[in-house]
Each structure stands twice: as structure tokens, then as C-alpha cells.
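First comes the structure, then the notes that go with it.
Just so it is clear: chains get the letters A, B, ... in the order the sequence lines come, proteins before strands, and each one is counted from 1.
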2 protein chains.
Amino acid sequence: MVEKTRRQAIEDAASALFHAHGYSGTSVRDIARAVDIQGASLYAHVTSKQDVLWSIVERTAARFEAAADAIEAADPGAATFGRGVYLIALVRAHVGVVTDDIERASVFVHEWRALEGHRREEIARRRDAYEDRFRTVIADGVRAGAFHAVDPVATAAYVLTALNGLVSWYKPDGRLSARVIADTYADLSLRAAQAPRMPA
Amino acid sequence: MVEKTRRQAIEDAASALFHAHGYSGTSVRDIARAVDIQGASLYAHVTSKQDVLWSIVERTAARFEAAADAIEAADPGAATFGRGVYLIALVRAHVGVVTDDIERASVFVHEWRALEGHRREEIARRRDAYEDRFRTVIADGVRAGAFHAVDPVATAAYVLTALNGLVSWYKPDGRLSARVIADTYADLSLRAAQAPRMPA
DNA sequence: TGGCCGACCTAGCGAGCGTTAGTTAGGGAG
DNA sequence: CTCCCTAACTAACGCTCGCTAGGTCGGCCA
């Protein structure tokens with residue numbers, strides 16, 4: 001299956017363009033040019049520009065959710081047992097999804113606001129639920145004494161925005177591999193949350 | 001001086017709109033409507049839409065730079081002496097500029113890419129120089145043994161993107177005050193960078 | 001009092017926007 | 001061979017874009 005459907009090629013091109021210029025900075029003719037057809041011909045494959053954005057954002061949201069779900073599936077005890085382990089797994093999962101396809105991840109992170117109506121609300125809700133996984137593991141860790149007693153909401157926001165910040169600097173062929181970044185980011189996130197081993 | 005020049009009102013309105021909808025998602029007529037004049041009348045106060053963006057971005061860049069400069073000015077020893085202290089000061093300065101005017105900070109963080117030509121290049125250069133302050137203090141701390149020996153470039157990116165992430169969730173009248181956030185973020189950043197006091 | 005000037009207006013330019021309509025070329029199935 | 005489907009095309013619609021031109025009006029200064 002080296003074949004790629006036209007629809008897939010269009011979403012690939014749109015992801016790259018939305019990543020580079022934003023949703024409203026990209027015209028349907030720009031997307032069409034990237035796949036070498038006329039602007040109007042796009043509509044044989046796609047029902048609207050909004051629809052292309054929705055496809056990209058929704059599928060990427062699902063990938064983030066699936067990656068996080070897989071952690072609990074792999075080790076049902078981790079969520080309630082070792083908070084450090086669970087937080088590390090969440091961070092690695094998130095970094096993995098981002099580095100696996102930055103363009104789509106970038107569109108998910110920055111362009112979901114361009115969605116209209118109930119679709120925007122749905123993504124807002126799902127983003128909040130996803131962020132809540134971070135808030136919960138941190139709050140649990142604080143309660144158990146494993147994590148430093150800072151505000152779990154602020155801590156989760158700090159960590160998650162740091163991870164999302166990857167979309168603005170990660171380059172697949174850069175000096176730092178996805179693997180190294182995952183290691184480093186997991187380390188930094190855990191250290192930020194963790195209680196000191198010895199009181200100062 | 002309760003008076004506000006029309007030009008200032010226009011930049012305020014543009015900042016709010018660029019923050020909410022992005023540069024290319026905002027029309028000059030949108031900006032004009034926000035200050036209750038006709039779209040064309042804007043051009044009595046402004047030479048172009050690009051120019052408004054430039055004013056906002058440039059002035060905000062200068063505020064970030066000035067806040068960081070003020071640290072060294074206040075305590076010339078800090079930069080080379082206590083790395084932890086200096087990193088904390090950098091973080092607090094950055095958070096202060098962001099919380100002081102999120103709308104402009106948000107435009108600076110996200111919309112500078114919409115600048116064209118040499119202005120875009122200038123901001124790219126100045127952003128890199130600013131980020132280098134973080135890289136340097138972290139690298140110095142690692143060399144001195146005060147900080148954990150993770151990659152200083154990745155660590156600086158992690159911390160700085162976390163701080164910039166504030167623009168996507170901070171609300172001036174929210175539960176967490178600017179003061180509390182500055183405390184928390186300084187704490188998290190230092191902890192992320194610092195060497196453990198006792199080997200595990 | 002007269003002239004100027006800044007702030008605003010209406011009108012409109014040329015370009016580009018997202019999208020629709022109608023058409024055509026080519027290939028597979030009956 | 002014919003029929004029809006798919007994937008393109010060209011043309012164009014109505015609208016908005018950033019921006020310019022030219023005019024009106026009121027307040028300040030000589």
C-alpha cells in the first residue's frame with residue numbers, strides 16, 4: 001500500500017500549510033496548488049475547508065487520547081500505584097504523538113480555535129478531559145506525598161504547555177532525536193513535580 | 001493622563017483581536033469597528049495592517065528584553081554567581097511581562113511569524129538572543145554542578161515554552177493571581193533544572 | 001475672520017476568498 | 001459499443017480583503 005489516496009494527500013498538504021501559515025492564512029487554492037490541481041477541483045474530494053481542518057484535528061485528538069489510554073491498558077496498576085511512573089508514561093506518550101507527526105500535532109495545538117460551532121466545543125471538551133489526566137495524576141501524587149505540594153492545575157498547565165511547545169521547535173532531522181527529547185522531557189517533567197528527596 | 005490617543009486605542013483593539021483570532025483572521029474593518037470608526041479611517045492613524053502588528057510585536061519584544069536586562073542591572077553578580085537565583089529571576093521577569101499584558105504577549109508569542117521581510121528576521125534574531133539567556137544560565141549551572149546535566153538547549157526550550165504557554169490560559173481575573181503563578185512557575189522551573197540534593 | 005489641518009466620511013479599486021455549476025476526458029462494466 | 005463514473009477542468013458568483021482617493025466638517029491659530 002504505497003498508494004496514497006488523493007484525500008490523504010490533500011490532508012497532508014493542508015497540515016503542512018496550516019502548520020506553516022495557520023488556517024486562515026491558507027487558502028483552498030494554496031492547498032490545491034500543493035497537490036497540483038485547480039482550487040475548485042478540491043471539492044471533488046472534500047466538502048469544505050472547515051471539513052479538512054476538522055479531519056486533521058479530530059484524528060489527532062483521537063491519537064493523543066489513544067496513546068494515553070494505552071498506558072492504563074498496558075499496566076492497570078500504574079495509574080493508582082506509582083505516580084512518578086504514570087506521569088512519565090503520560091509525558092512520553094504525548095511527546096511520541098507530537099514527534100510522530102508534528103504538522104498535524106501543530107494544527108491540533110494551535111488551529112483548533114478556528115473550528116466553528118459544536119465541533120469547536122467538542123474539541124475544547126476533549127482537550128480539557130485530556131489535560132485532566134495530567135491534573136489527576138499530579139493531584140494524586142501530591143496527596144500521596146510523592147509530589148511537591150504546588151497547585152496541581154498550574155503544574156499540569158506548565159507541563160502540558162511545555163510539551164505542546166515542542167510543535168514550535170521540533171525538527172524531525174534535527175540534532176535531538178524524538179527518543180532523546182522524550183527522555184529529556186520526561187525527566188524534566190518528573191523533576192518539576194517531584195518532592196525533594198531531602199528537605200533543604 | 002486618562003486620555004488615550006486614538007493610535008493607542010487602535011493598538012489595544014488590534015492586540016485583543018489578534019490574540020483572539022490571529023493576524024490573518026482579523027481584518028482592518030474588524031479593528032476599525034472595535035474603535036467605532038470606518039475601516040478606511042484607520043489609515044489616518046496607521047500606515048498599514050503590517051505596521052500595527054510590527055508596533056505590537058516590537059514593543060513587546062523590547063519589554064521582554066528590558067525585564068531581563070533589569071535583572072543584571074539590579075544585581076551584577078547574580079548572573080555569574082547564583083545560577084538558581086538568576087534562573088528564578090529570569091522566569092519571574094518573563095511571567096511578569098506576560099501577565100502584565102497577555103494580549104500583547106500572546107501576539108508576540110504567536111503572531112510574529114506573520115511579519116514580513118527583514119522585520120520577521122529581526123524578531124527571529126531577537127527571540128533567539130533572548131532564549132539564549134536561558135540556555136546560558138542553564139549551561140553555566142550545569143557546568144558548576146548546581147543543575148542537572150540534561151541538554152541545556154532542550155531544557156531552555158522546555159522552560160521557555162512552558163512560560164509562553166501562559167498566554168493560552170492565563171486570565172487576569174482568574175483563580176490564580178499573577179503573583180501566585182510567578183511563584184509557582186519559578187519553583188517548577190528551578191526544580192526541573194536543579195540537580196537532586198541526594199543521589200537516589 | 002480666514003485659512004489650515006487633522007479626523008473622519010463615502011465610494012470604490014483590484015485582488016483574492018470559499019464555493020458552485022457545468023463540462024470534458026478517460027477508463028471499466030454491461 | 002455504449003453507459004456511466006471518477007477526477008479533473010474552466011468559468012463565474014457573491015463577498016471580503018487591504019488600501020486609496022477625494023470630500024466634509026469642526027476646532028485652533030494668526
Task: Spacing of Ile31(B) atom CD1 relative to dT16(D) atom P, expressed in whole Å - done: 17 Å

Task: Side chain of Ile37(B) - closest among dC9(C), dG18(C), dT10(C) - done: dC9(C)

Task: Gln38(B) CD to dC8(C) C1', straight-line distance once rounded to whole Å - done: 9 Å

Open item on the list: At 4.0 Å (heavy atoms only), tell me whether Ser24(B) reaches a base, stays on the sugar-phosphate, or touches nothing.
Closed with: nothing

- [ ] Return yes if a side-chain donor-acceptor contact under 3.5 Å exists between His94(A) and Asn164(A), otherwise no.
- [x] yes

Open item on the list: Please compare Lys49(A) and His45(B) by the position of their nearest nucleotide in DNA chain C and report the one closer to 5'.
Closed with: His45(B)

Open item on the list: Measure OH/Tyr43(B) against P/dC9(C) and give the value in whole Å, please.
Closed with: 15 Å

- [ ] Remember a base hit wins even if backbone is also touched, and classify Ser41(B) as base, sugar-phosphate or nothing at under 4.0 Å, heavy atoms.
- [x] base

- [ ] Could you please spell out the steps behind the side-chain contact (heavy atoms from CB on, under 4.5 Å) verdict for Asp100(A) and Arg63(A)?
- [x] CA-CA 10 Å; Asp100(A) 194 54; Arg63(A) 286 177 52 231; 3.2 Å; yes

TODO: Write down the distance between CZ (Phe18(A)) and C1' (dG18(C)), rounded to a whole number of angstrom.
DONE: 12 Å

Open item on the list: Could you tell me how far apart Tyr23(A) (OH) and dC17(C) (P) are, to the nearest whole angstrom?
Closed with: 13 Å

- [ ] Give the rounded distance in Å between these two atoms: CG of Leu42(A) and C1' of dC17(C).
- [x] 14 Å

- [ ] Would you indicate, yes or no, if dG16(C) has its OP1 or OP2 atom less than 4.0 angstrom from a side-chain nitrogen or oxygen of Ser27(A)?
- [x] no

- [ ] Would you mind reading off the distance between Ile10(A) atom CD1 and dA7(D) atom C1', rounded to a whole angstrom?
- [x] 11 Å

- [ ] Examine the side chains of Gln8(B) and Thr5(B) and answer whether a donor and an acceptor come within less than 3.5 Å of each other.
- [x] yes

Open item on the list: Taking any heavy-atom pair under 4.0 Å as a contact, classify Thr26(A): base, sugar-phosphate, or nothing.
Closed with: sugar-phosphate

- [ ] Provide, to the nearest angstrom, the distance between the CD atom belonging to Gln50(A) and the P atom belonging to dC17(C).
- [x] 17 Å

Task: Arg6(A) side chain, from C-beta outward: closest of dC8(C), dG18(D), dA8(D) - done: dA8(D)

Open item on the list: Regarding dG16(C), can its base be found pairing with the side chain of Arg29(A) as donor and acceptor, where the two atoms are less than 3.5 Å apart?
Closed with: no

Task: cation_pi(Arg127(B), Phe108(B)) dist<6.0 Å, angle<=45 - done: yes

